[in-house]
2 protein chains.
Amino acid sequence: MAKPSKENTPITEHLAYLLAQANREINRQLELRLSKEGVPVEQWRILKVLSDGNGHSMGELAGAVLLNHPTLTKMIDRMVSDTLVYRVQDPGDRRKVLMFISDRGKVLCKKLNSLAVDQEEHILESYGDKSTSELKRLLESLIDSSN
Amino acid sequence: MAKPSKENTPITEHLAYLLAQANREINRQLELRLSKEGVPVEQWRILKVLSDGNGHSMGELAGAVLLNHPTLTKMIDRMVSDTLVYRVQDPGDRRKVLMFISDRGKVLCKKLNSLAVDQEEHILESYGDKSTSELKRLLESLIDSSN
DNA sequence: CTTCAATTCTTGAATATTCAATATTTTCAA
DNA sequence: TTGAAAATATTGAATATTCAAGAATTGAAG
């Protein structure tokens with residue numbers, strides 16, 4: 001009888017793989033919806049975080065929208081050109097830049113939110129209410145336990 | 001009483017976001033382990049899929065390792081240079097290229113598997129046996145329901 | 001005070017990914 | 001059997017991301 005080693009487990013059974021696959025699929029669907037407004041998912045996240053009206057530093061934003069710092073800087077450059085957001089130097093700490101959402105950004109964000117809600121609703125239909133909330137709960141606790 | 005609209009749900013409660021966050025974190029951890037052998041996660045996936053010893057076409061591989069086609073081609077180019085895998089034209093359909101793992105690839109794959117198992121074990125410890133298998137189950141069914 | 005380390009953000013060069021176009025082979029209908 | 005459409009993989013140009021270095025500011029120890 002062979003030793004029951006986990007080393008030969010097919011890739012499709014690894015948690016890391018399942019997460020990547022699910023993420024890829026859901027993200028692809030969301031991308032598709034948001035492309036109606038020509039906006040990448042990351043920009044929607046940025047707008048959503050900023051839509052509390054407060055200023056958020058670049059470092060804070062980078063963490064919140066899951067982008068590393070230089071990538072965020074360049075994406076923000078584009079969004080500033082599109083007048084969706086704007087920079088203000090933090091008066092309390094001049095190393096920091098505070099990002100704010102513009103009026104135009106708010107308008108766009110509303111449209112994007114509704115597209116995103118459409119998707120969540122679509123998932124709820126095909127996947128089920130119960131599974132969805134259970135999955136969310138488990139993901140949250142996985143994220144917690146990883147820190 | 002305001003209408004209970006979902007449009008203002010914070011980003012952290014969206015399934016798409018939770019998936020992205022969990023994926024990012026778990027992937028980062030795996031990356032860290034595999035970097036001991038200087039191999040990106042995608043290459044481990046490729047080696048693992050090919051380690052059944054059969055030939056796999058590029059299209060098949062691309063789907064299995066979650067890379068799009070041109071990206072895979074270029075990654076395979078590198079792996080061929082490193083003599084981890086090799087190409088054979090499919091005799092039955094000469095449009096296709098069949099990929100095979102080399103002996104060197106097999107040796108590397110073994111080491112990588114054990115690093116990956118380490119990680120899964122680490123997750124099991126901190127996150128729990130039950131949660132892990134429940135999460136896997138839910139992810140699988142989410143993926144199924146998205147097709 | 002002053003200087004040195006740490007924090008925050010940006011920049012430029014090196015890499016990697018993606019999109020559109022191309023080349024090759026197969027399929028299939030006329 | 002021929003010719004057009006589909007399938008498969010690669011390539012090259014355009015974009016995007018990352019890594020390492022740089023500039024500015026703050027904090028804090030001496």
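The side chain of A:Arg87 places an N or O atom within less than 4.0 Å of a non-bridging phosphate oxygen (OP1 or OP2) of C:dT10. Contact between the side-chain N/O atoms of A:Arg94 and the OP1/OP2 oxygens of D:dT26 is found at a separation under 4.0 Å. For the OP1/OP2 pair of C:dT8 and a distance below 4.0 Å, the side-chain nitrogens and oxygens of A:Ser57 include no atom meeting the criterion.
Rounded to an integer number of Å, the gap from B:Asp93 CG to D:dA9 C1' is 11 Å. Distance, B:Ile76 CD1 to D:dT11 P: 13 Å, rounded to whole Å. Remark: P of D:dT8 and NE2 of B:His56 are 16 Å apart, rounded to the nearest angstrom. Across the protein-nucleic acid pair, B:Asp77 atom CG and C:dT15 atom P stand 16 Å apart, rounded to whole Å. Taking atom CD on B:Glu31 and atom C1' on D:dC19, their separation rounds to 13 Å, with Å as the unit. Residue B:Leu61 contributes atom CG, which lies 14 Å from atom P of D:dT8 at whole-angstrom precision. Between the P atom of C:dG12 and the NE2 atom of A:His69 lies a distance of 16 Å, rounded to the nearest Å. Nucleotide C:dC9 holds its P atom 11 Å from the CD atom of A:Gln89, rounded to whole Å.
Along DNA chain D, the nucleotide nearest A:Pro91 and the nucleotide nearest B:Val97 are compared for position; the residue whose nucleotide lies closer to the 5' end is B:Val97.
By the 4.0 Å N-to-carboxylate-O rule, B:Arg137 lies too far from B:Glu140 to be salt-bridged with it. Under the 4.0 Å criterion applied to side-chain N and carboxylate O atoms, A:Glu42 and A:Lys74 are not assigned as salt-bridge partners. Between B:Lys110 and B:Glu37, none of the side-chain N atoms (NZ, or NE/NH1/NH2) sits under 4.0 Å from a carboxylate O, so this pair counts as no salt bridge. Remark: A:Arg28 does not engage A:Glu31 in a salt bridge, criterion side-chain N to carboxylate O under 4.0 Å. A salt bridge links A:Arg87 and A:Asp77; the closest N-O separation between the charged side-chain nitrogens and carboxylate oxygens is under 4.0 Å.
If you check the side chains of B:Asn68 and B:Thr71, you find a donor sitting under 3.5 Å from an acceptor. In the model, A:Glu25 has no side-chain atom that pairs as donor or acceptor with a side-chain atom of A:Gln21 under 3.5 Å.
Side-chain contact check for B:Val85 versus B:Leu50: some heavy-atom pair is nearer than 4.5 Å.
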Pairs under 3.5 Å (N/O, protein and nucleotides 2-7 of chain D):
unit_1: D:dA7; atom_1: O4'; unit_2: B:Arg95; atom_2: NH1; d: 3.3

Pairs: protein N or O with nucleotides 16-20 of chain C N or O, under 3.5 Å:
unit_1: C:dT18; atom_1: OP2; unit_2: B:Asn68; atom_2: OD1; d: 3.0
unit_1: C:dT18; atom_1: OP2; unit_2: B:Asn68; atom_2: ND2; d: 3.2
unit_1: C:dT18; atom_1: OP2; unit_2: B:Thr71; atom_2: OG1; d: 3.0
unit_1: C:dT18; atom_1: O4; unit_2: B:Lys74; atom_2: NZ; d: 2.5

Evaluate the side-chain contact (heavy atoms from CB on, under 4.5 Å) criterion for residues B:Leu108 and B:Asp82: first the C-alpha distance (whole Å), next the side-chain angles of each, then the deciding distance (0.1 Å), finally the verdict.
-> CA-CA 11 Å; B:Leu108 177 57; B:Asp82 296 341; over 6 Å; no
